[in-house]
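Inspection log for the structure reproduced underneath, given as structure tokens.
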Amino acid sequence: MAPSLVSPQCYYISKRNNEASVSEEAWEKAYQIYNDFVQTLPKAKGWTTQNVIKYQGFWLTPTSALKGVLLVQHHFKPRPTDIFLATSPKCGTTWLKALMFATMNRSSYDFSSHPLLKNGPHDCVTFIEVNMCQDYPIMNLELLLSPRLLAAHIPYDLLPVTKTTFGCKLVYIFRDPKDVLVSTWHFMNKLRPKKLQPLSLGEAYELFCEGISHYAPFWDHVLEYWKASLESPDKILFLKYEDMKREPSVHLRRLAEFVGQPFSFEEEEKGVVQKILRLCSFENLRNLKVNKTGVHRVTDEIVVNNCDFFRKGQTGDWENYLTDEMKQRLDFITEQKLKNSGLTLGSSNRNL
Ligand SMILES: Nc1ncnc2c1ncn2[C@@H]1O[C@H](COP(=O)(O)OS(=O)(=O)O)[C@@H](OP(=O)(O)O)[C@H]1O
């Protein structure tokens with residue numbers, strides 16, 4: 001059973017709110033309960049930490065993701081107007097964050113002095129699980145005005161139960177797992193502490209195929225959101241990275257409509273869709289000073305160089321890394337996992 005009574009979350013929440021209600025003794029007890037709980041969970045080799053642990057069917061880092069998920073499950077207060085960007089890591093989160101931030105706030109900012117020119121997308125839209133486990137979060141979720149734009153890597157079934165009854169809207173983005181693997185391998189090796197040997201592509205491949213990576217198994221993550229999107233298409237918009245690359249303007253219009261802010265005739269005439277796409281394009285964002293030299297503080301311990309969120313931004317880069325055999329095995333796993341779901345790999349008019 002997950003710790004809930006005297007738990008780290010009580011400590012973090014109290015500390016964040018500057019309440020002195022949790023004594024050092026209670027904190028230590030909470031920490032002990034948390035550590036004892038972690039010991040009861042299955043372990044596997046980690047990508048950025050020594051180990052990842054399995055909680056409710058998904059592999060998470062014990063240092064941040066598990067704490068964050070527990071915090072969200074116990075303490076996050078959803079609002080019916082919340083918009084969630086839900087993603088498995090390396091599927092297009094950064095792009096989606098930028099597009100949605102620019103779309104939902106388009107009447108507030110001028111394109112020549114837009115916040116995305118000075119701030120990385122990850123500093124404009126916060127991950128709820130990461131935000132809640134920081135001592136000093138970037139954003140106070142309670143103070144954000146509605147509709148709140150939030151992000152989560154949390155699997156659908158691990159979100160608080162109120163997600164459906166509360167009426168929040170969710171946007172999910174899926175990407176070819178071969179590209180996800182290659183992207184994850186590059187990124188995680190950048191984050192991997194020096195004291196741990198870098199992961200070889202072969203090791204990363206095996207872990208990924210076994211379903212062991214952050215918030216994985218990847219296919220379970222995807223299928224939960226996919227099935228939920230079929231059940232509630234008005235509440236969950238399911239996108240593919242490949243489709244967005246192929247027809248970005250079509251999908252940006254879908255996004256705007258989905259969140260109840262369709263582009264007006266006047267906006268279309270003024271080229272607002274193209275302006276947002278240009279602002280959020282891989283080339284534009286990658287070349288901004290903030291994304292070349294700035295950093296994103298994920299947690300108090302994990303700081304990412306913004307440039308690491310922008311690698312190639314292409315579809316099919318896996319071809320430069322995976323052998324035929326690796327490709328075939330990974331495609332086979334995907335085919336088996338997605339069988340009978342109606343979900344296919346690649347852009348929507350093309351099958352596996
Ligand atoms: N604006 C834009 N347009 C298109 N593609 C983009 C964009 N920004 C980032 N990227 C590419 O997305 C990959 C990173 O995925 P995520 O953003 O989901 O990473 S993270 O989970 O937030 O760490 C990673 O893909 P790879 O290049 O294949 O590694 C990024 O380069």
Side-chain angles (χ1 to χ4, degrees), residues 47-48 60-61 64-65 68 84-103 114 116-117 119-131 150-155 171-192 201 204 208 213-216 218 221-222 225 239-249 251-252 255 276-288 290-292 294-299 302-322 347:
W47 292 61
T48 57
L60 305 169
T61 57
S64 55
F84 280 94
L85 307 179
T87 56
S88 186
K90 311 323 286 178
C91 285
T93 321
T94 311
W95 192 15
L96 195 57
K97 280 183 171 184
L99 287 172
M100 283 296 271
F101 180 82
T103 302
H114 200 279
L116 279 165
L117 298 173
N119 302 273
H122 290 282
D123 288 322
C124 295
V125 183
T126 187
F127 280 113
I128 53 169
E129 67 271 31
V130 167
N131 193 279
L150 303 166
H153 280 322
I154 305 179
V171 179
Y172 189 81
I173 184 162
F174 170 58
R175 189 180 188 192
D176 185 328
K178 300 190 289 301
D179 280 331
V180 176
L181 160 68
V182 169
S183 184
T184 307
W185 175 61
H186 281 284
F187 185 74
M188 297 300 179
N189 267 340
K190 297 249 167 66
L191 293 193
R192 201 167 157 86
L201 180 58
F208 192 87
S213 59
H214 293 195
Y215 300 90
F218 174 77
H221 198 286
V222 172
Y225 279 100
L239 300 173
K240 288 181 180 177
Y241 183 87
E242 292 76 16
D243 288 343
M244 297 205 18
K245 286 293 287 186
R246 197 165 49 96
E247 292 181 311
S249 56
H251 296 286
L252 182 59
L255 278 168
I276 292 177
L277 289 175
R278 245 192 325 267
L279 172 69
C280 303
S281 71
F282 179 81
E283 289 70 25
N284 185 55
L285 291 180
R286 188 181 59 159
N287 287 315
L288 295 172
V290 62
N291 294 325
K292 278 184 159 174
V295 295
H296 171 61
R297 190 167 289 280
V298 182
T299 65
I302 307 169
V303 179
V304 185
N305 293 321
N306 283 345
C307 62
D308 293 337
F309 290 111
F310 303 91
R311 195 182 61 92
K312 286 199 180 165
Q314 294 169 1
T315 57
D317 185 46
W318 61 264
E319 291 190 32
N320 297 314
Y321 294 90
L322 306 187
S347 51

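One-based numbering, in listed order, for ligands and for the atoms of each.
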Identify, by atom number and element, the atoms of ligand 1 in contact range of F310, meaning under 4.0 Å from any of its heavy atoms.
-> 8 (N), 9 (C), 31 (O)
Answer yes or no: is there a donor N or O on one side and an acceptor on the other, between the side chain of S183 and the main chain of D179, under 3.5 Å?
-> no
Compare every heavy atom of L181 with every heavy atom of F208, then report the nearest pair and how far apart it is.
-> CB-CD1, 3.7 Å
Enumerate the atoms of ligand 1 whose separation from the nearest heavy atom of P89 is less than 4.0 angstrom.
-> 21 (O)
Backbone, side chain, both or neither: what part of Y241 comes under 4.0 angstrom of ligand 1, heavy atoms only?
-> side chain
Cation-pi, F127 ring and K97 (6.0 angstrom, 45 degrees) | yes
Close-contact set for ligand 1 against H153 heavy atoms, below 4.0 Å = 21 (O)
Check each atom of ligand 1 against the heavy atoms of S281 and keep those under 4.0 Å away; list them by number with element.
-> 1 (N)
Ligand 1 contact on H214 by region, counting heavy-atom pairs under 4.0 Å | neither
So do the side chains of W95 and Y241 get within less than 4.5 Å of each other, counting heavy atoms only?
-> yes
Under 4.0 Å from a heavy atom of C280: give me the atoms of ligand 1 that qualify, with their elements.
-> 1 (N)
Which of the numbered atoms in ligand 1 are below 4.0 angstrom from a heavy atom of H122?
-> 22 (O)
Would K97 count as a contact of ligand 1 if the rule is a heavy atom under 4.0 Å away?
-> no
Just need the protein heavy atom nearest to atom 28 (O) of ligand 1, so name the residue and atom and give the distance.
-> R175 NH2, 2.9 Å
Which ligand 1 atoms does G92 reach within 4.0 Å, using its non-hydrogen atoms?
-> 15 (O), 16 (P), 17 (O), 18 (O)
Proximal atoms of ligand 1 relative to G313 (non-hydrogen, under 4.0 Å) | 5 (N), 26 (P), 27 (O), 31 (O)
